[in-house]
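Whatever order the structure lists them in is the order used to number ligands and atoms, beginning at 1.
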Amino acid sequence: MELASKDSPVRLGILLSGRGSNFRAIAESIRAGRLKGVEIAVVISNVVDAPGIEKARELGLPVKVFVSAGLKRRHHDFNVAACLALHEVDLVCLAGYMRLLSPEFVAAFPNRILNIHPSLLPAFPGLDAQQQAFEYGVKMAGCTVHFVDEHLDHGVIVLQRAIPVHETDDARSLAKRILAEEHVVYSEAIARVASGEYEIRGRRFVKRDS
Ligand code: GAR
């Protein structure tokens with residue numbers, strides 16, 4: 001899949017609602033030269049005082065806040081999509097964006113929206129995935145970067161990272177260790193998608209000609 005012309009960087013649009021640690025990890029990977037060939041075009045939040053958006057301002061990145069309260073999902077998403085188009089975004093990265101996307105938004109960016117989820121999907125979709133996994137008693141937990149489709153936490157999987165659950169863990173310590181993996185795996189997944197060297201076959205995201 002080609003996201004941008006060969007000579008120009010792939011432009012990311014980051015959507016977040018809160019802390020923004022995944023966004024910060026992506027920004028740091030780019031700054032440190034670990035994530036090449038991409039740039040952050042805009043950071044968008046639906047929460048006015050999201051810490052992630054403050055950090056984006058500090059980094060001097062273009063920032064936009066769209067408050068969703070009182071607006072129909074479709075209208076809110078239309079505004080966000082227009083902003084992404086204005087900033088010529090090639091790839092949308094959800095980074096703790098705690099909103100469901102309208103079908104119209106998903107259709108506007110086919111296989112161009114990534115999400116990170118703190119479980120080994122398809123196990124434990126939805127909210128509080130780490131708590132769900134801990135209470136279920138799994139011995140391996142982890143995180144997933146996947147394309148977003150019209151179903152919740154369902155699209156094609158780009159990359160996953162598994163970690164063992166320790167006897168001494170509680171849901172909080174498990175979530176912390178999963179988050180550390182998220183910070184590494186999201187940039188790796190973006191690099192794969194941006195590389196143009198992969199394609200989607202059925203539900204499988206695989207290297208071309210493999
Ligand atoms: C992360 O753990 C991310 O996987 C999760 O929200 C957290 C956001 O943290 N996302 C979901 O659960 C989406 N279903 P951050 O704001 O520090 O990146």
ask   = Closest non-hydrogen protein atom to atom 12 (O) of ligand 1, residue and atom name please, with distance?
value = Pro118 CD, 3.4 Å
query = Are a donor atom and an acceptor atom from the side chains of Arg99 and Ser68 found within less than 3.5 Å of each other?
reply = yes
message = Between ligand 1 and Leu16, can you find any atom pair, the residue atom being a heavy atom, that is separated by under 4.0 Å?
response = no
ask   = Which protein non-hydrogen atom lies closest to atom 15 (P) of ligand 1, naming both residue and atom, and how far is it?
value = Ser21 N, 3.4 Å
query = Got a salt bridge between Glu197 and Arg208, using NZ or NE/NH1/NH2 to carboxylate O under 4.0 Å?
reply = no
ask   = If you count the atoms of ligand 1 from 1 in the order shown, which ones are under 4.0 Å from a heavy atom of Glu182?
value = 1 (C), 2 (O), 3 (C), 4 (O)
query = Can the ring centres of Phe205 and Phe147 be said to be less than 6.0 Å apart?
reply = yes
ask   = Just wondering, do Val89 and Val42 contact through their side chains at under 4.5 Å, heavy atoms?
value = yes
key: N or O pair under 3.5 Å between His117 and ligand 1   = yes
query = Considering only the protein, which heavy-atom contact is closest to atom 7 (C) of ligand 1, and what is its distance?
reply = Arg19 NH2, 4.1 Å
ask   = Nearest to atom 8 (C) of ligand 1, what protein heavy atom do you find, and at what distance?
value = Gly96 CA, 3.6 Å
note = Looking only at protein heavy atoms, what sits closest to atom 10 (N) of ligand 1 is Ile116 O, 3.6 Å
request  = Report the relative orientation of the aromatic rings in His76 and Phe66; use parallel for angles under 30°, tilted for 30 to 60°, perpendicular for over 60°.
outcome  = perpendicular
inquiry  = Do the side chains of Arg34 and Glu188 get close enough for a salt bridge, i.e. N-O under 4.0 angstrom?
reply    = no
message = Using heavy atoms and a 4.0 Å limit, tell me yes or no: is Met98 in contact with ligand 1?
response = yes
ask   = Which option out of Ala175, Ser17, Gly20 puts a heavy atom nearest to atom 16 (O) of ligand 1?
value = Gly20
key: Parallel, tilted or perpendicular: ring planes of His151 versus His154, cut at 30 and 60 degrees   = perpendicular
